[in-house]
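The next block holds one structure in the form of structure tokens; read it before the comments.
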Amino acid sequence: MSMTTLKALECAKGQTLVCHYYPDKHSDPVFFTILRQDQSGGLQIMHNNQWVAVEPIERGLVVNVGDFLQILSNDKFVSVNHRVLASKTGPRMSVACFFTSAEPSKMIGPIKEFTSEENPPLYKEFLVSDYTKMFLTKPLDKSSLDFFRL
Ligand SMILES: O=C(O)CCC(=O)C(=O)O
Ligand SMILES: [Fe+2]
């Protein structure tokens, strides 16, 4: 195959890099995540300082609250800390759909409905792109929320 064929197909114009590294605790830097896991399980959420297994439900979907929903709601909805334990029994399949802003220049912060004089904003306003940058550079198990908390 000649280089011109590949060039004509624009073979390097779009790149997708996906790294999966789950065992560490994290919360998702999005509004919410819809998750489909297979029957092998492995997903755990932190509840009352304990890891709780999320039992797979056939054809069921898991909806996780993400950091942006926690920030928008000024901590009324809490972003879930979760992890996935590697299984020794074979391959595991999961599909995660992250709901976030398509516009990195969007500002996010606690919204009026969730703030008042008695309930002042707990987070500063920030750009979605700054949050994503923070998420990608901090240690995975450290909460990004803390970097934006007032
Ligand atoms: O595979 C899973 O069940 C969860 C994956 C996950 O937490 C993530 O991709 O952020
Ligand atoms: Fe996650």
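From a predicted model like this one, the values you see are computed outputs, not experimental measurements. Both counts, for ligands and for their atoms, begin at 1 and track the order of listing.
Phe31 has its ring centre less than 6.0 Å from the ring centre of Phe68.
Side-chain polar atoms of Ser2 and Thr5 form a donor-acceptor pair below 3.5 angstrom. Residues Thr115 and Asn74 have side chains that never bring a donor and an acceptor to within less than 3.5 angstrom of each other.
If you look at Val62 next to ligand 1, there are no close heavy atoms at all, none under 4.0 Å. Residue-level proximity to ligand 1 for Leu35 is carried by the side chain, the only part with a heavy atom below 4.0 angstrom.
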> For Tyr123 and Asp75, what are the C-alpha separation, side-chain angles and deciding distance, and is it a side chain to side chain contact (heavy atoms under 4.5 Å, CB included)?
Replying inline: CA-CA 9 Å; Tyr123 301 91; Asp75 279 358; 2.5 Å; yes
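Close contacts between ligand 1 and His82 involve ligand atoms 7 (O) [criterion: under 4.0 Å to a heavy atom]. The distance from ligand 1 to the heavy atoms of Val84 drops below 4.0 Å at these ligand atoms: 1 (O), 2 (C), 3 (O), 4 (C). When each atom of ligand 1 is checked for a heavy atom of Phe98 under 4.0 Å away, the hits are 8 (C), 9 (O), 10 (O).
The pair Lys142-Asp24 does not meet the salt-bridge criterion, since no charged nitrogen lies less than 4.0 angstrom from a carboxylate oxygen.
Pairs passing the side-chain hydrogen bond (donor to acceptor under 3.5 Å, both in side chains) check and including a residue from residues 41-59, sequence neighbours excluded, read Gln44-Arg83.
The angle His26:NE2 - the Fe ion (ligand 2) - Asp28:OD1 amounts to 90°, with values rounded to 10 degrees.
Counting only non-hydrogen atoms, the option in His26, Arg92, Gln37 that gets closest to atom 2 (C) of ligand 1 is Arg92.
Among the heteroatoms counted here (N, O or S) of His82, NE2 is the one nearest to the Fe ion (ligand 2).
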